[in-house]
Visitor: 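First, the structure itself, so that you have it in front of you.
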Amino acid sequence: AVHFKKFSNIALSLKITGQNLINMDTGNKEDGRPNLTDAYYTIRQNNSEIYTSEVVNDNLNPKWKPVQLICKNDVFKNQNNFFLNQNQKKELDSSSSMIVEVWDKDKKSIFNVRGKELIGKIEVNDVFEFEATELINEKLKGEAPGGLVINKSETKFCPLYLAVSE
């Protein structure tokens, strides 16, 4: 008989949004509208950056595009990097916690050499248990950096099933 056996999680689908992020930018645009945070997020594991999202400009409640992150697995061994999307630098270890950092992208200047400012970060031990939560940033001196939401209905592992005969 042939049946399908789950071998490995190949990818993790993830949709992240920001809530009431602190405005890290100042002043107004040429048309008079306020200059707002230009937010993006990174995912880190074991001191390595795994993924960087796109920037959502002038928005304190950014909705970043859903992403499929390729996971470490035993099936493809070393060929996985071929499947990584352009913003994913390394495979995600689905058994390990991840740190999500939300950043404000700025123009590089003598005042801001890195061209970014940390809004806040959070450690996520289990994306499936994760609820909306406040970001953490001690440098903001008591101001709330805002919140992070992982959309549960969009969050799922994409497993690989292979036909096996017994």
Side-chain angles (χ1 to χ4, degrees), residues 10-71 80-94 96-158:
I10 297 301
L12 172 65
S13 292
L14 205 55
K15 186 170 196 298
I16 295 181
T17 55
Q19 270 187 338
N20 302 321
L21 297 182
I22 190 170
N23 190 10
M24 305 291 276
D25 293 342
T26 56
N28 289 329
K29 299 194 172 302
E30 289 164 8
D31 63 7
R33 286 178 305 138
N35 207 4
L36 300 177
T37 292
D38 305 314
Y40 68 98
Y41 70 89
T42 59
I43 294 175
R44 299 172 66 77
Q45 277 186 327
N46 310 321
N47 294 325
S48 293
E49 199 168 288
I50 304 284
Y51 174 77
T52 304
S53 78
E54 78 282 8
V55 177
V56 176
N57 289 313
D58 287 314
N59 196 327
L60 302 180
N61 297 288
K63 292 178 171 48
W64 292 285
K65 289 181 187 138
V67 63
Q68 279 214 331
L69 297 171
I70 300 294
C71 297
N80 274 12
N81 291 336
F82 179 76
F83 298 105
L84 297 184
N85 75 44
Q86 60 193 19
N87 294 339
Q88 187 177 356
K89 296 165 187 69
K90 292 180 80 170
E91 298 162 344
L92 188 75
D93 180 352
S94 55
S96 167
S97 68
M98 57 191 198
I99 293 181
V100 182
E101 295 174 322
V102 181
W103 296 89
D104 174 36
K105 185 170 177 58
D106 289 318
K107 290 187 178 72
K108 288 188 177 173
S109 70
I110 52 170
F111 305 109
N112 190 338
V113 186
R114 295 196 301 173
K116 62 183 184 179
E117 291 177 283
L118 181 67
I119 296 171
K121 62 183 179 180
I122 200 79
E123 185 166 357
V124 179
N125 292 315
D126 185 342
V127 289
F128 297 101
E129 294 297 315
F130 187 84
E131 299 290 345
T133 191
E134 283 291 311
L135 292 161
I136 296 161
N137 186 347
E138 286 86 15
K139 291 196 176 106
L140 289 179
K141 300 178 179 59
E143 288 187 89
L148 198 69
V149 183
I150 294 178
N151 183 326
K152 278 216 173 70
S153 64
E154 302 258 355
T155 300
K156 56 184 180 291
F157 275 120
C158 307

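In this text, all values refer to a predicted model and were calculated from it rather than measured experimentally.
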Visitor: M98 versus V127: any side-chain heavy-atom pair under 4.5 Å?
Guide: yes
Visitor: Ignoring hydrogens and geometry beyond distance, is a side-chain donor-acceptor pair present between K89 and T52 at under 3.5 Å?
Guide: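 Present: a donor and an acceptor within the cut-off.
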Visitor: Taking all non-hydrogen atoms of both residues into account, name the closest pair between N46 and S96 and its distance.
Guide: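 The pair with the smallest heavy-atom distance is OD1-OG, 3.9 Å.
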Visitor: Nearest heavy-atom pair of Y40 and D104: which atoms, and what distance?
Guide: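 Result for this residue pair: CE2-C, 4.5 Å.
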Visitor: Quick one: CZ on R44 to OG on S97, what's the gap to the nearest 0.5 Å?
Guide: 12.5 Å
Visitor: So do V67 and N87 actually touch side chain to side chain, heavy atoms under 4.5 Å?
Guide: no
Visitor: If you count the non-hydrogen atoms of other residues, nucleotides and ligands that lie under 6.0 Å from CG in D31, is the total more than 12?
Guide: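 Yes - once you tally the heavy atoms of other residues, nucleotides and ligands closer than 6.0 Å, there are more than 12.
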Visitor: Would you name the heavy atoms of T155 and F128 that are closest together and state the gap between them?
Guide: O-CE2, 3.6 Å
Visitor: Please evaluate residues Q45 and I99 with respect to the criterion side-chain contact (heavy atoms from CB on, under 4.5 Å), reporting the C-alpha separation (whole Å), side-chain torsions for both, the decisive distance (0.1 Å), and the verdict.
Guide: CA-CA 6 Å; Q45 277 186 327; I99 293 181; over 6 Å; no
Visitor: Please report the interatomic distance CD1(I50) to CG(L69), rounded to the nearest 0.5 Å.
Guide: 8.5 Å
Visitor: With no hydrogens and no angle check, do the side chains of Q68 and S13 hold a donor and an acceptor under 3.5 Å apart?
Guide: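 Q68 vs S13: donor-acceptor pair found between side chains.
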Visitor: Working to the nearest 0.5 angstrom, can you tell me the gap between D106 CG and K116 NZ?
Guide: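 That separation rounds to 11.5 Å.
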Visitor: Only pairs at least two apart or in different chains count here, so list each salt bridge (Lys or Arg N to Asp or Glu O under 4.0 Å) that has a residue in residues 137-151.
Guide: none
Visitor: Rounded to the nearest 0.5 Å, how far does CD1 of I10 lie from SG of C158?
Guide: 9.0 Å
Visitor: Less than 4.5 Å apart, any side-chain heavy atom of L21 and any of V102?
Guide: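 L21 vs V102: side chains touch.
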Visitor: Please check if atom NZ in K105 has more than 12 non-hydrogen atoms from other residues, nucleotides or ligands closer than 6.0 Å.
Guide: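 No, not enclosed.
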Visitor: Quick one, T42 and V100 - any side-chain contact, counting heavy atoms below 4.5 Å?
Guide: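 T42 vs V100: side chains apart.
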Visitor: Run L148 and T17 through side-chain contact (heavy atoms from CB on, under 4.5 Å) and show every step you take.
Guide: CA-CA 6 Å; L148 198 69; T17 55; over 6 Å; no
Visitor: With heavy-atom distances below 4.5 Å as the criterion, would you say the side chains of I136 and I122 are in contact?
Guide: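 Touching, per the 4.5 Å side-chain cut-off.
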Visitor: Run the side-chain contact (heavy atoms from CB on, under 4.5 Å) test on I22 and T37 for me, step by step, so that the C-alpha distance in whole Å, both residues' side-chain angles and the decisive distance to 0.1 Å come before the verdict.
Guide: CA-CA 8 Å; I22 190 170; T37 292; 5.7 Å; no
Visitor: Tell me the salt bridge (Lys or Arg N to Asp or Glu O under 4.0 Å) pairs involving residues 144-153, sequence neighbours left out?
Guide: E131-K152
Visitor: Under 3.5 Å, which donor-acceptor pairs do the side chains of residues 55-64 form with other protein atoms, sequence neighbours left out?
Guide:
from : atom 1 : to  : atom 2 : distance (Å)
D58  : OD1    : K29 : NZ     : 3.3
D58  : OD1    : L36 : N      : 2.9
D58  : OD2    : K29 : NZ     : 2.9
N59  : OD1    : N61 : N      : 2.7
N61  : OD1    : N20 : N      : 2.7
W64  : NE1    : A39 : O      : 3.1
W64  : NE1    : E54 : O      : 3.3

Visitor: Taking the side chain as C-beta and beyond, is there a heavy-atom pair between E101 and L118 under 4.5 Å?
Guide: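 Of all side-chain heavy-atom pairs linking L118 with E101, at least one is under 4.5 Å.
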Visitor: For E49 and Y51, indicate whether the former's side chain and the latter's backbone hold a donor-acceptor pair under 3.5 Å.
Guide: no
Visitor: Hey, is the main chain of V149 close enough, under 3.5 Å, to the side chain of Q19 for a donor-acceptor pair?
Guide: no
Visitor: Please check if any side-chain donor atom of N151 sits under 3.5 Å from a side-chain acceptor atom of S153, or the reverse.
Guide: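 Yes, a side-chain donor-acceptor pair sits under 3.5 Å.
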Visitor: Using side-chain heavy atoms (C-beta onward) and a distance below 4.5 Å, is I16 in contact with S53?
Guide: no
